[in-house]
There are 2 protein chains.
Amino acid sequence: MNLLSIDRLPENLRHAIALRELAPEQILFRQGDSASAFFIVEAGRFRIARYVPEGRSLTLQIAKAGDSFAEITLFSDVYAYTATAEIASRIIIYPKRELLAALHQHSDLLEDFMTRLIRKNLSLITQLQLKNIRAAHRRVLQYLYFLADAENVDAVSFDRPLNQIAIDLGLSPATFSRALTRLEQEGRIVREQNLIRLQNSSIA
Amino acid sequence: MNLLSIDRLPENLRHAIALRELAPEQILFRQGDSASAFFIVEAGRFRIARYVPEGRSLTLQIAKAGDSFAEITLFSDVYAYTATAEIASRIIIYPKRELLAALHQHSDLLEDFMTRLIRKNLSLITQLQLKNIRAAHRRVLQYLYFLADAENVDAVSFDRPLNQIAIDLGLSPATFSRALTRLEQEGRIVREQNLIRLQNSSIA
DNA sequence: CGCATAGTTGACTACGCTCAACCCTGGTGG
DNA sequence: CCACCAGGGTTGAGCGTAGTCAACTATGCG
């Protein structure tokens, strides 16, 4: 049993969860807001980002259907980041109190929750690793490999504007564009519309 | 009850844990090794780092007394990173099997474990945020603020070579040094031996 | 048809890296 | 007690590359 199999959740929790619809660019919660719930995306797409006075914003996660965020809610009183619906979306809301109770009583739910935490951890490590690669074209190539690897395919198609992806990768749109053309010239990728085909899928 | 209060752990787990001493630069486990245990530092200092073919190594964590690592062990078969003792150290070893059992039966242990996971999460986010600051001197200043904040003081003293810290921050030693002198010239910090005093502790 | 947004390309700038020389400290051995 | 050495830290010169700004193109929508 996992948190998404809603109809099989323990009764207390099942009655406590709620759904909410969000319009494009609508904000679900802001960094600093008092943290009252944990969330799983049912449909649409959310951007989880941190905004700091110094420096630009930092995208921590792009959450799509089935992905969760705000695990920290259970152990902290405020959100550490901001969640925005990038497109029209629907979200499942698990209130903190009832979720905590359910986790304590149902170890299979707990396992699901911890697995999500670990996954998030690994994803953050992946991001750090990416940003540790200085050369723009190498970073982009590695990013493409990660994406392809995750879905076990040899081509990647983007559902978000390239400009946005560039920023998330820590590159300016201009540099990102140049990196892509360079990778294509080097024969590492082939571009067809917004589809990118990887040539030597071996992550060198 | 937390994982560190060894004499109060459930019996099964208490009998399963072990201690180990490591010499400077000795490796505890390597990325790719089969994951068999979770660890908490009792004394000394460990560097948790990821090594990748492309790009330089990436320091994920500096674990000191009381800090834990390899939580991922419980949900994965191999270590995703390498753990090295930077100095002579002593480590507590919690075997996977017995730890898992204990977590399932003792919800206070579990809470401790999850709290550690969340903390790790936040620490990774902090690192991402740091590396998101391009200007070397700003990044260094923010790093100093984080350190001072964590210990609730207005001065930071380093127990590791500056060169190593520079690398962990994603800077060359030269650039790091220049950043420090610049911060001092700007009046943001004052250096006294290996102690750094922060001037305007408000994180602007 | 025109506007807005996304993407590409060019010219210039800025900043971090590299490499190298130099300094300073502590430890060792004569 | 001093000479030497090794490692860590600082400083300088030159280079490479990502960012910025701006112009231009392409696409989609009113």
Side-chain angles (χ1 to χ4, degrees), chain A residues 24-25 45 47 54-59 62 84 86-88 128 130-144 156-186 188-196, chain B residues 24-25 45 47 54-59 62 86-87 128 130-144 156-186 188-196:
Chain A
E25 293 308 312
R45 190 170 73 230
R47 182 174 66 251
E54 290 278 348
R56 56 216 71 212
S57 77
L58 169 63
T59 299
I62 300 298
T84 313
E86 282 196 330
I87 57 180
L128 271 169
L130 265 185
K131 303 228 173 144
N132 206 37
I133 303 175
R134 289 196 190 284
H137 65 288
R138 293 237 156 275
R139 186 187 304 180
V140 171
L141 186 60
Q142 190 65 47
Y143 173 69
L144 295 173
V156 175
S157 78
F158 295 115
D159 50 0
R160 312 172 56 227
L162 294 188
N163 283 350
Q164 190 58 47
I165 293 171
I167 301 295
D168 292 354
L169 276 174
L171 300 172
S172 71
T175 302
F176 184 62
S177 172
R178 279 186 258 260
L180 283 178
T181 59
R182 172 164 177 182
L183 287 174
E184 185 158 33
Q185 280 170 3
E186 288 180 354
R188 310 304 205 94
I189 63 173
V190 176
R191 305 183 66 177
E192 307 168 2
Q193 263 103 257
N194 69 346
L195 186 88
I196 295 186
Chain B
E25 292 309 312
R45 190 171 71 230
R47 182 174 67 251
E54 291 276 349
R56 56 216 71 210
S57 77
L58 169 64
T59 298
I62 300 297
E86 282 196 331
I87 57 180
L128 271 170
L130 267 185
K131 303 229 173 141
N132 204 39
I133 303 175
R134 289 195 193 283
H137 65 288
R138 294 236 156 274
R139 186 186 302 179
V140 171
L141 186 60
Q142 190 64 46
Y143 172 69
L144 294 173
V156 176
S157 78
F158 294 116
D159 51 0
R160 314 173 56 226
L162 294 188
N163 284 351
Q164 190 58 47
I165 294 173
I167 301 295
D168 292 354
L169 277 174
L171 300 172
S172 72
T175 303
F176 183 62
S177 172
R178 279 185 256 260
L180 284 178
T181 59
R182 172 164 178 184
L183 288 174
E184 186 158 34
Q185 280 171 2
E186 288 180 354
R188 310 303 206 94
I189 64 174
V190 176
R191 304 184 66 176
E192 308 167 1
Q193 264 103 258
N194 69 347
L195 186 89
I196 294 186

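Reminder, nothing fancy here: chain letters follow the sequence lines and each chain counts from 1.
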Subject >> Atom pair distance, as rounded to whole Å: CD1 in A/I165 and P in C/dT8 >> reply: 11 Å
**OP:** Check whether any side-chain nitrogen or oxygen of B/N163 sits under 4.0 Å from OP1 or OP2 of D/dG8, and answer yes or no.
**Re:** no
Subject >> Between CD on residue B/E192 and OG on residue B/S157, distance to nearest 0.5 Å >> reply: 11.0 Å
Original post:
Is a salt bridge present between B/R160 and B/D168, judged by a nitrogen-to-oxygen distance below 4.0 Å?
Top reply: yes
Original post:
Which residue, A/R134 or A/T175, contacts DNA chain C at a nucleotide closer to its 5' end, judged by nearest heavy atom?
Top reply: A/T175
**OP:** Could you tell me the separation between the CZ atom of A/R178 and the P atom of D/dG19, rounded to a whole number of Å?
**Re:** 9 Å
Original post:
Just how far, in rounded Å, is C1' of D/dG19 from CD1 of A/I167?
Top reply: 11 Å
Original post:
Using a cut-off of 4.0 Å on non-hydrogen atoms, how would the nucleic acid contact of A/A135 be classed: base, sugar-phosphate, or nothing?
Top reply: sugar-phosphate
Original post:
Quick check: does any side chain N or O of A/R139 sit under 3.5 Å from a backbone N or O of A/I133, one acting as donor and the other as acceptor?
Top reply: yes
Original post:
What nucleic acid atoms does A/R160 come within less than 4.0 Å of, heavy atoms only: base, sugar-phosphate, or nothing?
Top reply: nothing
**OP:** Determine the contact category for B/R139: base if any of its heavy atoms lies under 4.0 Å from a base atom, sugar-phosphate if only primed atoms, P, OP1 or OP2 are that close, otherwise nothing.
**Re:** nothing
**OP:** Could you check if a side-chain atom of A/I189 sits within less than 4.5 angstrom of a side-chain atom of A/V140, using non-hydrogen atoms only?
**Re:** no
**OP:** Nearest whole angstrom, please: distance from the C1' of C/dC17 to the CG of B/L171.
**Re:** 11 Å
Original post:
Does the side chain of A/T59 reach to within under 4.5 Å of the side chain of A/I167, using non-hydrogen atoms?
Top reply: no
**OP:** Let me know the distance between CG of A/L162 and C1' of C/dT9, rounded to the nearest Å.
**Re:** 15 Å
**OP:** Look at the side chain of A/S172 and decide which nucleotide, out of C/dT18, D/dT20, C/dG16, has an atom nearest to it.
**Re:** D/dT20
Original post:
Atom NE2 of B/H137 to atom P of C/dC17: distance rounded to whole Å?
Top reply: 14 Å
Subject >> Between C1' of C/dT5 and CD of A/Q164, the distance in whole Å >> reply: 14 Å
Subject >> Rounded distance (Å) that lies between atom P of D/dG8 and atom CG of B/D159 >> reply: 15 Å
